Amino acid sequence: MAEVQIRDARKSYGAVEVLRGVDVEVRDGEFVALVGPSGCGKSTLLRMIAGLEGISGGEIRIGARVVNDIPPKQRDVAMVFQNYALYPHMTVAKNMGFSLKLAGKPKDEIDRRVAAAAEILDLSTLLDRLPRQLSGGQRQRVAMGRAIVRNPRVFLFDEPLSNLDAKLRVQMRAEIKALHQRLGTTTVYVTHDQVEAMTMADKIVVMRAGVVEQVGSPLDLYDHPANMFVAGFIGSPAMNFIEGHIEKGRFISGCGLSVATGPTADTARAVLGIRPEHLTLDPAGTAATVVVVEQTGSETLLLLDMAGQKLTYLGRDRLPIRPGETVHILPDATRLHLFDPQSGHRLGDRPGTA
Amino acid sequence: MSRRTHSALPVHITLAIGAALVLVPIIWTVAAGFRTQISLLMGDVLFTPIGSNFAEVLWSKTSDFLLNYRNSIIVGIASTLLCVVVATLAAFSLNRMRWPAWTVHLFLAWTMIFHMIPPVALASAWFTMARAVGLENTFTGLILAHATLNLPMAIWLMAVFVRDVPKELEEAAIMDGADTPHILWHVILPLITPGLAATSILTFIFSWNEFAVALTLTMKQTATVPVAIAKFAQDFEIQYTQMAASAALAMVPAILVLLVAQRYIVKGLTQGAVK
Amino acid sequence: MAAAQAQIQSSPRRPTQVFEDRGQRLWRWLTFSPALAMMLALSVLPIANLFLTSFQNITWADGQQVRTWVGLTHYQALFSDSLFGAGISNTLIFAFGAVAGQMVLGFAMALLCTKIVRGRVLYRAIFILPILIPGIVIGAIWKLMLNFDFGLVNKALGLVGILPHDWLGSPETALFSVIVVDIWHWTPFCFLLFLAGLESLPQDVFEAARMDGAGAWQELIYVTLPLMIPTIVVTFAFRLVLAFKVFDEVYLLTSGGPGTSTEVISFTLYQRFFTEDKAGYGSAMSVTVIFLVSLLLVVALSARRRTGATS
């Protein structure tokens, strides 16, 4: 096991800069998720850690070693690929033991370690199967098994769950998490799904267009998004953004909304961010028309129109509301986020959490 | 594109005529190999098959046909092995070893031009070169020539098959600690075996069929089957029935391959041109 | 074939700045050098040699080769060589005539084959056979079939009252006969490519056309043919290239005769270089042919780019 330190990592293909100076610190045994929209450079960064991509600038350290010029096989990292990348002509056991065979390990040791990994992943009965005879979830587990037999210092996951159906994804999420808790291996996990990142990671790195937007624990990012991008990216359904201005300690919007912001300097333009679950239905609130009602059973989602301003409301109660009706919305004043509309940065140091 | 079943009968009849146009000349020629010269000239529909033409072609003192057959097999197998090994390595290299684009372009453009050049034009140059280094009238010369002639097609085919192996498998192997030879041997090769078979079969057949270069680079001892058959036509008095018999014998590999490996041939022929 | 190039070129997703150690650089060369060496030694070198020889006269004195520099003499002689002129024009007639026939027949047979379900594999197996038979054997087969005295062709025509004709022996029909033999030989190849192309066309387009009320003929004109254009272009180019190389059948069937009526370029080359042992002049002819062929490739590639025929 080892920590991974990424300092000012840069990557360019010709004139195109894909990573523009990325700093990430992964502590020993930590589970770090790299998230961001497609094209943000998260997969490239992972492949640079793996050694599948060269490093144009900066440095990557695994343990005490700078690995910039060290080939993948000497970095002692294992990777789980998006499409599993199982060798179609090898059995499950051969797939899992391939790295040990290449390393010249004796056959009985290979068998023992493959058996042990298969035990952990509940693959013991499938060792003689070929990948095409396995279900999606089983293939996923073999891909993980191939990584863990080597007992590497770092696990790398490249969107490993994106090819599974929704139900299996939730199940495998839990399995990977449990595996990490059991083995305690340093893990870097790339995903575009913020829910995956939120539920699995100790630490999330949010990336966009080749730069790190924010690093923090899942709840940290949820409660204190550093900018509008992170605020909008983390959390589902996404945060509401309302444009307006701040005057004498109140945020006032053209749509009629007005909330106390506490001691904040007056600005001519500001954006109020409020999560759908932090809106309440209160007769004292501002009137809004219901456009769409979505009932999931456990929750009610309302899409609202507040004088032209679109808002999403999420509540735990079942509401007998129909489209076209009018509701009154009151934001939870203790959970407001204020942003500068120009830079997108967070305004002031608002507590966020109550 | 089917389903209009009411028109199936004319379709079948047309196809059957097409099949007959293909098969009748072949069957008639093979049959001619079993006739006497007189029976052939008389054109009897019914005749008593005789084996003397084949016996004459294969075992007579004046005929080298068995030797020619052996030569064709040696040249075919050796040139196929050489060609396919070299082509597979090259296809892998060009596809996966990150050559600069201009290198790949230049090389493939050259193979294309080379493929278009009439073999006779090359044969003259090869003949001169072979004579200069003492390889005329040897198997080595002809094997090298056939392997080179078939190399462009083999490279294009193998490039298609290598390209079909997912890149991620190779990356997974790199992460598992595999070096290039490991990747080639343990990952790429097992997955392109069907393609390799298709390419090998076609390469062998093309070598077996090749005439112009074999004609110029061989002499009596090293002549291949097509060269031997061509001799019949040059004779002042053509032994038609023996020519038919040797033609029938020369078709044996084609027919065997068609019976055993039609799937691979179709794969090879269509991949090479369409993809 | 041109497509293979396009595909290889586009394959590396990330072309530059990839992690690479010394081992990989070594293996990159090791895997490529055999092919490179073979092409250099056995194609570039001989063609360079041809080029050099084309400016020379080669004579033999006491078993020693004597090369004398003659400049452009051989190239000038090409213009007045009637055999070369006949070779070029006959090759063009042969190539376009034969390939046109093969394309039409091959397409028709492939289209018919897609209309049936049962027996498709059997028909395909039968139609493939001529592709696999040595050209020289095909020459032998048709030398027998077209024989004036006992050939099956004259016998069959006799049944419908047509008098026997010396197909290969008369100047008017010799080239035509060779073209027919080539059509017999290579229609199966066009058939195979067209069948593969037709079988890979998306089915939903035909269903949509049928829903729009298209008849069989309209379906062919408005749906099948436009969708098949890439395959048709590739097949045409591929076949044309091979047709220009024709040698085996001509060698066996007619040896260029009668007169120069079936004199094709490969055969002219063979006669000048080997039969007449004019190495210098033969080389000049080879170089000219290679130059013409390269020119053809350039034209074909640019035409291909213009039609957007990628596959």
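Computed from a predicted model, the values in this text were never measured in an experiment. All chains are named by letter (A, B, ...) in the order of the sequence lines, taking the proteins before the strands, and each is independently numbered beginning at 1. All values below come from the heavy atoms of this structure, side chains included, with hydrogens, waters and symmetry mates left out.
- At least one donor-acceptor pair under 3.5 Å links the side chain of B:Asn209 to the backbone N or O of C:Leu132.
- Heavy atoms closer than 4.5 Å to chain C are found in the side chain of B:Arg131, but not in its backbone.
- Annotation: ring-ring contact (aromatic ring centres under 6.0 Å, His included) contacts of C:Phe191 (sequence neighbours excluded): C:Phe127.
- For B:Ala16, the parts sitting under 4.5 Å from any heavy atom of chain C are the backbone and the side chain alike.
- Contacts between C:Val44 and chain B at a heavy-atom distance below 4.5 Å involve backbone atoms as well as side-chain atoms.
- A tilted orientation is assigned to the rings of B:His12 and C:Tyr123, their planes being inclined by 30° to 60°.
- Among B:Ser246, B:Ala230, B:Ala250, B:Ala123, the residue with the largest count of heavy-atom pairs under 4.5 Å with chain C is B:Ala230.
- Using a 4.5 Å cut-off between heavy atoms, C:Arg124 contacts chain B through both its backbone and its side chain.
- Among the candidates B:Ser124, B:Gly18, B:Pro253, the residue making the largest number of heavy-atom pairs closer than 4.5 Å to chain C is B:Ser124.
- A heavy-atom distance below 4.5 Å is found between the side chains of C:Phe206 and C:Glu219.
- A heavy-atom distance below 4.5 Å is not found between the side chains of C:Phe244 and B:Pro118.
- Both the backbone and the side chain of B:Tyr240 come within contact range of chain C, each with at least one heavy atom under 4.5 Å from a heavy atom of that chain.
- Judged by distance alone, with hydrogens and angles left aside, the side-chain atoms of C:Gln203 form no donor-acceptor pair with the main-chain N or O of C:Glu207 at under 3.5 Å.
- B:Leu151 touches chain C through its side chain: at least one heavy atom from C-beta onward sits under 4.5 Å away, while N, CA, C and O do not.
- Residues satisfying the side chain to side chain donor-acceptor pair (under 3.5 Å) criterion with B:Thr29, sequence neighbours excluded, are absent altogether.
- For C:Thr187 (side chain) and C:Gly106 (main-chain N/O), no donor-acceptor pair under 3.5 Å exists by modelled atom type.
- Residue contact with chain B, scored on non-hydrogen atoms closer than 4.5 Å, involves the backbone of C:Ala41 exclusively.
- Interface remark: C:Trp29 contributes backbone and side-chain atoms alike to the contact with chain B (heavy atom separation under 4.5 Å).
- Looking at C:Thr91, its side chain does come within 3.5 Å of a backbone N or O of C:Ile265 through a donor-acceptor pair.
- Residue B:Ile229 touches chain C through both its backbone and its side chain, counting heavy-atom pairs closer than 4.5 Å.
- Listed options C:Ala108, C:Pro130, C:Ser33, C:Pro34 were ranked by heavy-atom pairs under 4.5 angstrom with chain B; first place goes to C:Pro34.
- Among B:Ala244, B:Ala248, B:Ala90, B:Pro226, the residue with the largest count of heavy-atom pairs under 4.5 Å with chain C is B:Pro226.
- Proximity to chain B involves both the backbone and the side chain of C:Trp27, based on heavy atoms less than 4.5 angstrom apart.
- C:Val121 touches chain B through backbone and side chain together, each having a heavy atom under 4.5 Å away.
- If you measure heavy-atom distances from B:Thr88 to chain C, you find no contacts under 4.5 Å at all.
- With a threshold of 4.5 angstrom between heavy atoms, B:Leu21 approaches chain C through N, CA, C or O but not through any side-chain atom.
- Between chain B and the residues C:Val153, C:Ile138, C:Leu42, C:Leu192, the most heavy-atom pairs under 4.5 angstrom are made by C:Leu42.
- Between C:Phe236 and C:Cys190, every side-chain heavy-atom pair lies at or beyond the 4.5 Å cut-off.
- If you measure heavy-atom distances from B:Phe114 to chain C, the contacts under 4.5 Å come from the side chain alone.
- With chain C as partner, the option from B:Pro181, B:Ala145, B:Ala254 having the largest number of non-hydrogen pairs under 4.5 angstrom is B:Pro181.
- Looking at C:Glu199 and C:Arg120, a side-chain N of the basic residue comes within less than 4.0 Å of a carboxylate O on the acidic one, giving a salt bridge.
- With B:Trp126 contributing its side chain and C:Pro46 its backbone, the two residues share no donor-acceptor pair below 3.5 Å.
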_Test log, rule side-chain hydrogen bond (donor to acceptor under 3.5 Å, both in side chains), inputs B:Ser207 and B:His146_ = CA-CA 6 Å; B:Ser207 166; B:His146 277 187; 2.9 Å; yes

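- If you measure heavy-atom distances from B:Ala87 to chain C, you find no contacts under 4.5 Å at all.
- In terms of non-hydrogen atom pairs under 4.5 Å with chain C, the most contact-rich of B:Phe107, B:Phe92, B:Trp208 is B:Phe107.
- Residue with the most contacts toward chain B among C:Asn49, C:Ile131, C:Val289, C:Leu129: C:Leu129 (heavy-atom pairs, distance under 4.5 Å).
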